[in-house]
Amino acid sequence: MTSEKIPYKIYLSEDEMPMAWYNLRADMTTKPAPLLNPATGKPMEFEDLRPVFCDELIRQELDNDTREIPIPQEIRDFYKMYRPSPLVRAYCLEEKLQTPAKIYYKFEGNNTSGSHKLNSAIAQAYYAKAQGLKGVTTETGAGQWGTALAMACGYLGLDCLVYMVKCSYEQKPFRREVMRTYGARVTPSPSMETEVGRRILAEHPGTTGSLGCAISEAVEAAASREGYRYVLGSVLNQVLLHQSIIGLEAKAALDKYGVVPDMIIGCAGGGSNLGGLISPFMGEMLRGERKYDFLAVEPASCPSLTRGVFAYDFCDTGKVCPLAKMYTLGCNFIPSANHAGGLRYHGMSPVLSQLYHDGYLRATSYVQTQVFEAAEIFARCEGILPAPESSHAIRAAMDEAIKCRETGEEKTILFGLTGTGYFDMVAYEKFHNGEMSDYIPTDDELQAGFEKLPQV
Ligand SMILES: *Cc1c(COP(=O)(O)O)cnc(C)c1O
(Lines give C-alpha, C1' and ligand atoms only; values in the text may rest on other atoms or scores of the structure.)
Protein backbone atom coordinates (compact mmCIF):
# COMPACT_ATOMS: atom_id res chain seq x y z
CA MET A 1 0.00 0.00 0.00
CA THR A 2 1.20 3.51 -0.75
CA SER A 3 1.92 5.84 2.15
CA GLU A 4 0.21 8.63 0.26
CA LYS A 5 -2.75 10.05 2.22
CA ILE A 6 -5.98 8.94 0.68
CA PRO A 7 -8.27 11.86 -0.21
CA TYR A 8 -11.84 12.07 1.02
CA LYS A 9 -13.05 11.52 -2.50
CA ILE A 10 -11.28 9.58 -5.19
CA TYR A 11 -12.46 10.72 -8.59
CA LEU A 12 -11.57 9.13 -11.88
CA SER A 13 -11.35 11.24 -15.01
CA GLU A 14 -13.86 10.76 -17.82
CA ASP A 15 -11.20 8.94 -19.80
CA GLU A 16 -10.72 6.47 -16.98
CA MET A 17 -14.37 5.46 -17.15
CA PRO A 18 -14.63 1.80 -18.26
CA MET A 19 -14.98 1.19 -22.02
CA ALA A 20 -16.77 -2.13 -21.50
CA TRP A 21 -19.12 -3.73 -18.99
CA TYR A 22 -17.82 -6.86 -17.32
CA ASN A 23 -19.94 -10.00 -17.61
CA LEU A 24 -19.34 -11.95 -14.41
CA ARG A 25 -21.11 -15.02 -15.81
CA ALA A 26 -18.11 -15.61 -18.09
CA ASP A 27 -16.03 -16.49 -15.02
CA MET A 28 -18.64 -18.60 -13.22
CA THR A 29 -18.05 -22.34 -13.48
CA THR A 30 -21.61 -23.05 -12.42
CA LYS A 31 -23.64 -20.66 -14.60
CA PRO A 32 -26.92 -19.22 -13.37
CA ALA A 33 -29.82 -21.47 -14.36
CA PRO A 34 -31.64 -20.41 -17.55
CA LEU A 35 -35.05 -18.72 -17.54
CA LEU A 36 -37.76 -21.29 -18.23
CA ASN A 37 -40.91 -20.99 -20.29
CA PRO A 38 -43.69 -21.72 -17.77
CA ALA A 39 -45.88 -23.29 -20.46
CA THR A 40 -43.33 -25.84 -21.71
CA GLY A 41 -40.79 -26.03 -18.88
CA LYS A 42 -38.04 -25.51 -21.52
CA PRO A 43 -35.32 -22.82 -21.40
CA MET A 44 -36.36 -19.51 -22.96
CA GLU A 45 -34.59 -18.99 -26.28
CA PHE A 46 -33.98 -15.76 -28.15
CA GLU A 47 -37.22 -16.08 -30.16
CA ASP A 48 -39.32 -16.80 -27.06
CA LEU A 49 -38.21 -13.58 -25.43
CA ARG A 50 -38.58 -11.31 -28.46
CA PRO A 51 -42.23 -10.31 -27.90
CA VAL A 52 -41.34 -8.89 -24.49
CA PHE A 53 -37.70 -7.71 -24.53
CA CYS A 54 -35.47 -5.77 -26.96
CA ASP A 55 -33.27 -7.91 -29.18
CA GLU A 56 -29.86 -6.70 -28.03
CA LEU A 57 -30.88 -6.96 -24.39
CA ILE A 58 -31.97 -10.57 -24.94
CA ARG A 59 -28.52 -11.31 -26.40
CA GLN A 60 -26.94 -9.84 -23.27
CA GLU A 61 -29.38 -11.75 -21.07
CA LEU A 62 -28.48 -15.09 -22.63
CA ASP A 63 -24.73 -14.49 -23.04
CA ASN A 64 -22.92 -16.46 -20.33
CA ASP A 65 -19.56 -16.41 -22.11
CA THR A 66 -18.46 -12.99 -23.40
CA ARG A 67 -16.35 -11.47 -20.65
CA GLU A 68 -16.38 -7.86 -21.84
CA ILE A 69 -19.23 -6.13 -23.65
CA PRO A 70 -18.30 -2.71 -25.08
CA ILE A 71 -20.34 0.26 -23.82
CA PRO A 72 -21.70 2.10 -26.89
CA GLN A 73 -20.37 5.64 -27.26
CA GLU A 74 -23.87 7.19 -26.86
CA ILE A 75 -24.26 5.49 -23.49
CA ARG A 76 -20.78 6.60 -22.43
CA ASP A 77 -21.72 10.15 -23.36
CA PHE A 78 -24.79 9.96 -21.13
CA TYR A 79 -22.78 8.36 -18.32
CA LYS A 80 -20.44 11.36 -18.47
CA MET A 81 -23.25 13.60 -17.18
CA TYR A 82 -22.96 11.95 -13.77
CA ARG A 83 -20.07 9.49 -13.91
CA PRO A 84 -17.47 8.45 -12.90
CA SER A 85 -19.16 8.53 -9.50
CA PRO A 86 -17.03 9.33 -6.45
CA LEU A 87 -15.46 6.74 -4.19
CA VAL A 88 -15.46 8.25 -0.72
CA ARG A 89 -13.26 7.41 2.23
CA ALA A 90 -15.61 7.67 5.22
CA TYR A 91 -13.09 9.36 7.52
CA CYS A 92 -15.83 11.02 9.59
CA LEU A 93 -17.74 7.80 10.11
CA GLU A 94 -14.51 5.99 11.07
CA GLU A 95 -13.84 8.75 13.61
CA LYS A 96 -17.37 8.55 14.98
CA LEU A 97 -17.12 4.78 15.40
CA GLN A 98 -13.56 4.97 16.79
CA THR A 99 -12.63 2.08 14.55
CA PRO A 100 -9.27 1.03 13.11
CA ALA A 101 -11.21 -0.19 10.06
CA LYS A 102 -10.94 1.79 6.83
CA ILE A 103 -14.33 2.40 5.30
CA TYR A 104 -14.97 3.35 1.68
CA TYR A 105 -18.25 3.83 -0.10
CA LYS A 106 -19.09 4.16 -3.77
CA PHE A 107 -21.76 6.86 -4.04
CA GLU A 108 -24.36 6.39 -6.78
CA GLY A 109 -26.85 9.05 -5.62
CA ASN A 110 -25.22 11.91 -7.53
CA ASN A 111 -27.79 12.10 -10.31
CA THR A 112 -31.35 13.43 -10.39
CA SER A 113 -32.92 9.97 -10.24
CA GLY A 114 -31.03 9.60 -6.97
CA SER A 115 -29.81 6.04 -7.42
CA HIS A 116 -27.64 3.61 -9.38
CA LYS A 117 -30.64 2.58 -11.50
CA LEU A 118 -29.85 5.17 -14.16
CA ASN A 119 -26.81 3.06 -15.18
CA SER A 120 -29.06 0.35 -16.57
CA ALA A 121 -31.99 2.60 -17.55
CA ILE A 122 -29.95 4.47 -20.14
CA ALA A 123 -28.55 1.23 -21.54
CA GLN A 124 -31.98 -0.36 -21.87
CA ALA A 125 -33.54 2.76 -23.38
CA TYR A 126 -30.63 3.07 -25.81
CA TYR A 127 -31.07 -0.47 -27.18
CA ALA A 128 -34.85 0.01 -27.46
CA LYS A 129 -34.29 3.19 -29.45
CA ALA A 130 -31.61 1.57 -31.60
CA GLN A 131 -34.13 -1.15 -32.50
CA GLY A 132 -36.54 1.52 -33.72
CA LEU A 133 -39.13 0.95 -30.97
CA LYS A 134 -41.64 3.62 -29.95
CA GLY A 135 -41.50 3.10 -26.24
CA VAL A 136 -40.98 0.95 -23.18
CA THR A 137 -43.12 -0.09 -20.23
CA THR A 138 -42.02 -0.88 -16.73
CA GLU A 139 -43.00 -1.13 -13.08
CA THR A 140 -41.66 0.88 -10.20
CA GLY A 141 -41.96 0.32 -6.47
CA ALA A 142 -40.35 3.04 -4.42
CA GLY A 143 -39.98 5.04 -7.63
CA GLN A 144 -36.24 5.12 -8.27
CA TRP A 145 -36.34 2.81 -11.26
CA GLY A 146 -39.31 4.60 -12.83
CA THR A 147 -37.55 7.91 -12.38
CA ALA A 148 -34.32 6.61 -13.88
CA LEU A 149 -36.13 5.14 -16.87
CA ALA A 150 -38.17 8.33 -17.36
CA MET A 151 -34.91 10.33 -17.45
CA ALA A 152 -33.30 7.97 -19.95
CA CYS A 153 -36.39 7.92 -22.19
CA GLY A 154 -36.78 11.69 -21.95
CA TYR A 155 -33.18 12.08 -23.12
CA LEU A 156 -33.60 9.72 -26.08
CA GLY A 157 -37.15 10.74 -27.01
CA LEU A 158 -38.77 7.36 -26.23
CA ASP A 159 -42.27 6.93 -24.82
CA CYS A 160 -42.25 5.63 -21.22
CA LEU A 161 -45.19 3.95 -19.43
CA VAL A 162 -44.67 3.31 -15.74
CA TYR A 163 -46.88 1.13 -13.52
CA MET A 164 -46.23 2.35 -10.01
CA VAL A 165 -47.15 0.24 -6.98
CA LYS A 166 -50.29 1.96 -5.67
CA CYS A 167 -49.13 2.57 -2.09
CA SER A 168 -45.98 4.34 -3.39
CA TYR A 169 -48.04 6.29 -5.94
CA GLU A 170 -50.10 7.65 -3.08
CA GLN A 171 -47.27 8.08 -0.56
CA LYS A 172 -44.77 9.59 -2.96
CA PRO A 173 -46.56 12.14 -5.14
CA PHE A 174 -43.32 14.04 -5.76
CA ARG A 175 -41.61 10.95 -7.19
CA ARG A 176 -44.51 10.66 -9.58
CA GLU A 177 -44.13 14.30 -10.63
CA VAL A 178 -40.41 13.88 -11.29
CA MET A 179 -41.27 11.05 -13.68
CA ARG A 180 -43.90 13.19 -15.37
CA THR A 181 -41.39 16.04 -15.66
CA TYR A 182 -39.31 13.70 -17.79
CA GLY A 183 -42.34 12.82 -19.89
CA ALA A 184 -43.38 9.43 -18.47
CA ARG A 185 -47.01 8.36 -18.07
CA VAL A 186 -47.50 6.98 -14.55
CA THR A 187 -50.37 4.61 -13.65
CA PRO A 188 -51.06 3.31 -10.14
CA SER A 189 -50.95 -0.50 -10.03
CA PRO A 190 -53.05 -2.62 -9.91
CA SER A 191 -55.05 -0.68 -12.49
CA MET A 192 -58.14 -1.34 -14.56
CA GLU A 193 -56.04 -0.80 -17.72
CA THR A 194 -54.81 -4.37 -18.03
CA GLU A 195 -56.44 -7.76 -17.83
CA VAL A 196 -54.09 -8.90 -15.10
CA GLY A 197 -54.73 -5.70 -13.12
CA ARG A 198 -58.49 -6.22 -13.35
CA ARG A 199 -58.08 -9.85 -12.26
CA ILE A 200 -55.92 -8.93 -9.24
CA LEU A 201 -58.34 -6.17 -8.22
CA ALA A 202 -61.27 -8.58 -8.44
CA GLU A 203 -59.45 -11.12 -6.27
CA HIS A 204 -58.04 -8.60 -3.79
CA PRO A 205 -60.25 -5.50 -3.75
CA GLY A 206 -58.55 -2.53 -2.10
CA THR A 207 -55.03 -3.99 -2.47
CA THR A 208 -52.26 -1.39 -2.42
CA GLY A 209 -50.29 -3.41 -4.93
CA SER A 210 -46.91 -5.07 -5.08
CA LEU A 211 -43.88 -5.03 -7.34
CA GLY A 212 -44.75 -8.47 -8.68
CA CYS A 213 -48.20 -7.28 -9.65
CA ALA A 214 -46.93 -4.08 -11.32
CA ILE A 215 -44.48 -6.20 -13.33
CA SER A 216 -47.35 -8.32 -14.66
CA GLU A 217 -49.21 -5.21 -15.76
CA ALA A 218 -46.19 -3.65 -17.44
CA VAL A 219 -45.43 -6.87 -19.33
CA GLU A 220 -49.00 -7.10 -20.56
CA ALA A 221 -48.98 -3.44 -21.57
CA ALA A 222 -45.82 -3.97 -23.66
CA ALA A 223 -47.01 -7.20 -25.27
CA SER A 224 -50.33 -5.66 -26.28
CA ARG A 225 -48.88 -2.50 -27.86
CA GLU A 226 -47.19 -2.34 -31.24
CA GLY A 227 -43.59 -1.06 -31.00
CA TYR A 228 -43.30 -1.38 -27.22
CA ARG A 229 -41.14 -3.62 -25.08
CA TYR A 230 -40.87 -4.25 -21.37
CA VAL A 231 -37.78 -3.30 -19.37
CA LEU A 232 -36.85 -4.32 -15.83
CA GLY A 233 -34.63 -2.45 -13.38
CA SER A 234 -33.09 -5.29 -11.40
CA VAL A 235 -32.83 -9.09 -11.05
CA LEU A 236 -32.04 -9.84 -14.73
CA ASN A 237 -28.54 -10.80 -15.87
CA GLN A 238 -28.40 -7.84 -18.27
CA VAL A 239 -29.03 -5.39 -15.41
CA LEU A 240 -26.15 -6.82 -13.38
CA LEU A 241 -24.01 -6.48 -16.48
CA HIS A 242 -24.81 -2.76 -16.85
CA GLN A 243 -24.29 -2.19 -13.13
CA SER A 244 -20.79 -3.69 -13.34
CA ILE A 245 -19.70 -0.12 -14.07
CA ILE A 246 -20.05 0.54 -10.33
CA GLY A 247 -17.56 -2.15 -9.41
CA LEU A 248 -15.20 -1.43 -12.30
CA GLU A 249 -14.94 2.22 -11.31
CA ALA A 250 -14.60 1.39 -7.62
CA LYS A 251 -11.79 -1.03 -8.39
CA ALA A 252 -10.00 1.45 -10.67
CA ALA A 253 -10.19 4.13 -7.97
CA LEU A 254 -8.88 1.80 -5.24
CA ASP A 255 -6.13 0.49 -7.54
CA LYS A 256 -4.86 4.06 -7.96
CA TYR A 257 -3.93 4.07 -4.29
CA GLY A 258 -3.03 0.40 -4.02
CA VAL A 259 -5.99 -0.28 -1.72
CA VAL A 260 -7.46 -3.79 -1.64
CA PRO A 261 -10.74 -4.23 0.23
CA ASP A 262 -11.11 -7.18 2.60
CA MET A 263 -14.85 -6.97 2.65
CA ILE A 264 -17.45 -5.71 0.16
CA ILE A 265 -20.99 -5.03 1.33
CA GLY A 266 -24.15 -4.10 -0.55
CA CYS A 267 -27.85 -3.94 0.10
CA ALA A 268 -29.82 -6.50 -1.86
CA GLY A 269 -33.31 -6.07 -3.29
CA GLY A 270 -33.19 -7.77 -6.67
CA GLY A 271 -29.39 -7.80 -6.49
CA SER A 272 -28.35 -5.35 -9.20
CA ASN A 273 -26.23 -2.87 -7.24
CA LEU A 274 -24.59 -5.57 -5.18
CA GLY A 275 -23.97 -7.69 -8.27
CA GLY A 276 -22.53 -4.69 -10.09
CA LEU A 277 -20.33 -3.57 -7.21
CA ILE A 278 -18.82 -6.97 -6.54
CA SER A 279 -18.52 -8.12 -10.18
CA PRO A 280 -14.84 -7.39 -10.92
CA PHE A 281 -13.78 -8.46 -7.41
CA MET A 282 -15.87 -11.63 -7.58
CA GLY A 283 -14.31 -12.30 -10.98
CA GLU A 284 -10.86 -12.27 -9.35
CA MET A 285 -12.09 -14.66 -6.69
CA LEU A 286 -13.71 -17.01 -9.20
CA ARG A 287 -10.47 -17.07 -11.22
CA GLY A 288 -8.58 -17.93 -8.01
CA GLU A 289 -6.56 -14.68 -8.02
CA ARG A 290 -7.73 -13.17 -4.73
CA LYS A 291 -10.11 -13.70 -1.82
CA TYR A 292 -12.75 -11.30 -0.59
CA ASP A 293 -15.57 -11.45 1.94
CA PHE A 294 -18.80 -10.46 0.15
CA LEU A 295 -21.90 -9.63 2.17
CA ALA A 296 -25.48 -9.09 0.96
CA VAL A 297 -27.74 -7.16 3.33
CA GLU A 298 -31.51 -7.47 3.18
CA PRO A 299 -34.52 -6.41 5.25
CA ALA A 300 -35.64 -8.90 7.90
CA SER A 301 -39.17 -8.31 6.59
CA CYS A 302 -38.26 -9.47 3.06
CA PRO A 303 -35.47 -12.03 3.60
CA SER A 304 -35.13 -13.83 0.25
CA LEU A 305 -31.49 -14.92 0.62
CA THR A 306 -31.40 -15.54 4.37
CA ARG A 307 -34.74 -17.36 4.67
CA GLY A 308 -35.93 -18.08 1.13
CA VAL A 309 -35.54 -21.27 -0.88
CA PHE A 310 -33.44 -21.80 -4.03
CA ALA A 311 -36.01 -22.83 -6.61
CA TYR A 312 -37.66 -21.93 -9.88
CA ASP A 313 -40.33 -19.30 -9.34
CA PHE A 314 -42.27 -16.68 -11.26
CA CYS A 315 -40.70 -13.24 -11.43
CA ASP A 316 -44.14 -11.67 -10.99
CA THR A 317 -47.40 -12.16 -9.08
CA GLY A 318 -49.49 -12.38 -12.23
CA LYS A 319 -47.37 -15.30 -13.50
CA VAL A 320 -46.95 -13.84 -16.98
CA CYS A 321 -43.13 -13.73 -16.82
CA PRO A 322 -40.68 -16.62 -17.32
CA LEU A 323 -39.56 -18.73 -14.38
CA ALA A 324 -36.19 -17.89 -12.84
CA LYS A 325 -34.15 -20.09 -10.53
CA MET A 326 -33.41 -17.93 -7.55
CA TYR A 327 -33.69 -17.55 -3.81
CA THR A 328 -37.34 -16.67 -3.39
CA LEU A 329 -40.08 -16.18 -0.83
CA GLY A 330 -42.71 -17.15 -3.41
CA CYS A 331 -44.13 -14.78 -5.99
CA ASN A 332 -47.17 -13.96 -3.84
CA PHE A 333 -45.03 -12.68 -0.99
CA ILE A 334 -45.73 -9.07 0.00
CA PRO A 335 -43.76 -7.50 2.87
CA SER A 336 -45.87 -6.34 5.82
CA ALA A 337 -47.63 -3.02 5.34
CA ASN A 338 -45.41 -1.19 7.86
CA HIS A 339 -42.25 -1.99 5.87
CA ALA A 340 -40.70 1.29 4.70
CA GLY A 341 -37.14 0.34 3.88
CA GLY A 342 -37.48 -0.68 0.22
CA LEU A 343 -35.85 -3.89 -1.10
CA ARG A 344 -39.32 -5.43 -1.32
CA TYR A 345 -38.85 -7.91 -4.16
CA HIS A 346 -39.72 -11.57 -3.43
CA GLY A 347 -36.77 -13.04 -5.35
CA MET A 348 -33.06 -12.43 -6.01
CA SER A 349 -30.88 -12.20 -9.11
CA PRO A 350 -30.16 -15.72 -10.48
CA VAL A 351 -26.45 -14.80 -10.71
CA LEU A 352 -26.24 -13.80 -7.05
CA SER A 353 -28.48 -16.69 -6.04
CA GLN A 354 -26.11 -19.17 -7.69
CA LEU A 355 -23.04 -17.54 -6.12
CA TYR A 356 -24.72 -17.56 -2.71
CA HIS A 357 -25.72 -21.18 -3.16
CA ASP A 358 -22.12 -22.06 -4.07
CA GLY A 359 -20.75 -20.29 -0.99
CA TYR A 360 -19.08 -17.27 -2.63
CA LEU A 361 -21.30 -14.73 -0.92
CA ARG A 362 -22.70 -14.32 2.59
CA ALA A 363 -26.00 -12.70 3.54
CA THR A 364 -27.48 -11.06 6.61
CA SER A 365 -30.61 -9.12 7.49
CA TYR A 366 -31.66 -6.20 9.69
CA VAL A 367 -34.99 -4.88 10.94
CA GLN A 368 -35.89 -1.44 9.70
CA THR A 369 -35.43 0.49 12.96
CA GLN A 370 -31.78 -0.72 13.00
CA VAL A 371 -31.46 0.48 9.43
CA PHE A 372 -32.88 3.97 10.05
CA GLU A 373 -30.70 4.32 13.16
CA ALA A 374 -27.66 3.75 10.95
CA ALA A 375 -29.03 6.10 8.29
CA GLU A 376 -29.23 8.91 10.80
CA ILE A 377 -25.74 8.38 12.17
CA PHE A 378 -24.38 8.30 8.63
CA ALA A 379 -26.28 11.44 7.58
CA ARG A 380 -24.87 13.34 10.54
CA CYS A 381 -21.24 12.39 9.96
CA GLU A 382 -20.96 12.04 6.20
CA GLY A 383 -23.42 14.74 5.13
CA ILE A 384 -25.39 12.57 2.72
CA LEU A 385 -29.02 11.73 3.49
CA PRO A 386 -29.05 8.07 2.46
CA ALA A 387 -31.86 6.07 0.87
CA PRO A 388 -33.36 3.52 3.29
CA GLU A 389 -32.26 0.78 0.87
CA SER A 390 -28.65 1.95 0.96
CA SER A 391 -28.83 2.21 4.74
CA HIS A 392 -28.98 -1.58 5.01
CA ALA A 393 -25.41 -1.63 3.69
CA ILE A 394 -24.44 1.26 5.97
CA ARG A 395 -25.72 -0.66 8.98
CA ALA A 396 -23.74 -3.76 8.09
CA ALA A 397 -20.57 -1.75 7.36
CA MET A 398 -20.90 0.04 10.71
CA ASP A 399 -21.33 -3.23 12.57
CA GLU A 400 -18.24 -4.68 10.87
CA ALA A 401 -16.27 -1.56 11.77
CA ILE A 402 -17.44 -1.81 15.38
CA LYS A 403 -16.27 -5.44 15.48
CA CYS A 404 -12.86 -4.19 14.29
CA ARG A 405 -12.80 -1.73 17.19
CA GLU A 406 -13.15 -4.70 19.51
CA THR A 407 -10.58 -6.92 17.77
CA GLY A 408 -8.20 -4.16 16.67
CA GLU A 409 -8.31 -5.48 13.11
CA GLU A 410 -7.56 -2.85 10.42
CA LYS A 411 -9.98 -4.23 7.90
CA THR A 412 -10.70 -2.35 4.69
CA ILE A 413 -14.43 -2.26 4.07
CA LEU A 414 -16.08 -1.14 0.83
CA PHE A 415 -19.81 -0.67 0.61
CA GLY A 416 -22.27 0.56 -1.99
CA LEU A 417 -24.14 3.76 -1.15
CA THR A 418 -26.79 3.32 -3.80
CA GLY A 419 -28.77 6.51 -3.41
CA THR A 420 -30.29 9.41 -1.55
CA GLY A 421 -33.46 9.36 0.55
CA TYR A 422 -35.16 12.70 -0.11
CA PHE A 423 -38.37 10.98 -1.22
CA ASP A 424 -38.43 8.77 1.84
CA MET A 425 -39.07 11.47 4.41
CA VAL A 426 -42.41 9.95 5.43
CA ALA A 427 -40.46 6.89 6.57
CA TYR A 428 -37.84 9.07 8.29
CA GLU A 429 -40.69 10.99 9.97
CA LYS A 430 -42.16 7.75 11.35
CA PHE A 431 -38.73 6.80 12.66
CA HIS A 432 -38.20 10.19 14.31
CA ASN A 433 -41.65 10.07 15.93
CA GLY A 434 -40.95 6.62 17.33
CA GLU A 435 -43.82 5.26 15.24
CA MET A 436 -41.76 2.82 13.20
CA SER A 437 -42.19 -0.82 14.12
CA ASP A 438 -40.45 -3.97 12.94
CA TYR A 439 -42.08 -7.03 11.53
CA ILE A 440 -40.36 -10.33 10.91
CA PRO A 441 -42.44 -12.92 9.04
CA THR A 442 -42.94 -16.21 10.90
CA ASP A 443 -41.74 -19.55 9.51
CA ASP A 444 -45.38 -20.52 8.94
CA GLU A 445 -46.04 -17.41 6.89
CA LEU A 446 -43.01 -18.12 4.72
CA GLN A 447 -43.91 -21.79 4.42
CA ALA A 448 -47.29 -20.84 2.93
CA GLY A 449 -45.43 -19.07 0.11
CA PHE A 450 -43.02 -21.98 -0.47
CA GLU A 451 -45.92 -24.41 -0.82
CA LYS A 452 -47.25 -22.47 -3.80
CA LEU A 453 -43.97 -22.54 -5.73
CA PRO A 454 -44.39 -23.94 -9.25
CA GLN A 455 -43.40 -27.60 -9.61
CA VAL A 456 -40.57 -27.79 -12.15
C1 LIG B 1 -33.60 -0.13 -6.32
C2 LIG B 1 -32.66 0.27 -5.28
C3 LIG B 1 -31.95 -0.67 -4.53
C4 LIG B 1 -32.15 -2.15 -4.64
O5 LIG B 1 -32.09 -2.72 -5.88
P6 LIG B 1 -30.94 -3.72 -6.30
O7 LIG B 1 -31.34 -4.20 -7.63
O8 LIG B 1 -30.92 -4.82 -5.27
O9 LIG B 1 -29.69 -2.96 -6.32
C10 LIG B 1 -31.04 -0.22 -3.61
N11 LIG B 1 -30.84 1.08 -3.39
C12 LIG B 1 -31.51 2.02 -4.08
C13 LIG B 1 -31.25 3.46 -3.78
C14 LIG B 1 -32.43 1.65 -5.05
O15 LIG B 1 -33.07 2.58 -5.73
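First listed ligand is number 1; within each ligand, the first listed atom is number 1.
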>> Show the atoms of ligand 1 that are less than 4.0 angstrom away from any heavy atom in E389.
In response: 10 (C), 11 (N), 12 (C)
>> I need the contact type for L343 against ligand 1. Using non-hydrogen atoms and a strict under-4.0 Å cut-off, is it side chain, backbone, both or neither?
In response: side chain
> Using heavy atoms and a threshold below 4.0 Å, how should the contact between S272 and ligand 1 be classified: side chain, backbone, both, or neither?
Replying inline: both
> Are Y230 and E220 close enough that a side-chain donor and a side-chain acceptor fall under 3.5 Å?
Replying inline: no
> Taking non-hydrogen atoms only, is Q243 closer than 4.0 angstrom to ligand 1 via side chain, backbone, both or neither?
Replying inline: neither
> Are H116 and ligand 1 in contact, using a heavy-atom cut-off of under 4.0 Å?
Replying inline: yes
> Does anything in residues 369-391 pair up under ring pair (Phe, Tyr, Trp, His ring centres under 6.0 Å), and if so which pairs, sequence neighbours excluded?
Replying inline: Y105-F378, F372-Y428, F372-F431
> Does an N or O from G419, backbone or side chain, lie closer than 3.5 Å to an N or O of ligand 1?
Replying inline: no
> Does S349 approach ligand 1 within less than 4.0 angstrom via side chain, backbone, both or neither, non-hydrogen atoms only?
Replying inline: neither
> Any idea which atoms of ligand 1 are less than 4.0 Å away from a heavy-atom of Q144?
Replying inline: 13 (C), 15 (O)
> For ligand 1, which atoms, with element, lie under 4.0 Å from some heavy atom of C267?
Replying inline: 10 (C)
> Is the Y360-F294 ring centre distance short of 6.0 angstrom?
Replying inline: no
>> Before we go on, tell me: are the rings of Y356 and Y327 under 6.0 Å apart, centre to centre?
In response: yes
> Could you walk me through whether S365 and E298 pass the side-chain hydrogen bond (donor to acceptor under 3.5 Å, both in side chains) check?
Replying inline: CA-CA 5 Å; S365 70; E298 55 186 17; 5.7 Å; no
>> Can you report which non-hydrogen protein atom sits closest to atom 7 (O) of ligand 1, along with the distance?
In response: S234 OG, 2.5 Å
> At what distance is the nearest protein heavy atom to atom 2 (C) of ligand 1, and which residue and atom is it?
Replying inline: K117 NZ, 2.3 Å
Show me the donor-acceptor pairs within less than 3.5 Å that the side chains of residues 231-238 make with the rest of the protein, sequence neighbours left out.
| from | atom 1 | to | atom 2 | distance (Å) |
| --- | --- | --- | --- | --- |
| N237 | ND2 | E61 | O | 3.3 |
| Q238 | NE2 | E61 | OE1 | 3.0 |

> Are E170 and K166 close enough for a salt bridge, meaning some N to O gap below 4.0 Å?
Replying inline: no
> Which protein heavy atom lies closest to atom 11 (N) of ligand 1, and at what distance to 0.1 Å?
Replying inline: T418 OG1, 2.6 Å
> Is the closest basic N to carboxylate O distance between D255 and K251 below 4.0 Å?
Replying inline: yes
>> Please list, in number order, the atoms of ligand 1 under 4.0 Å from a heavy atom of S115.
In response: 13 (C), 15 (O)
>> Using a 4.0 Å cutoff against the non-hydrogen atoms of G269, which atoms of ligand 1 qualify?
In response: 8 (O)
>> Tell me whether K106 forms a cation-pi arrangement with F415, defined as NZ or CZ under 6.0 Å from the six-membered ring centre and within 45 degrees of its axis.
In response: no
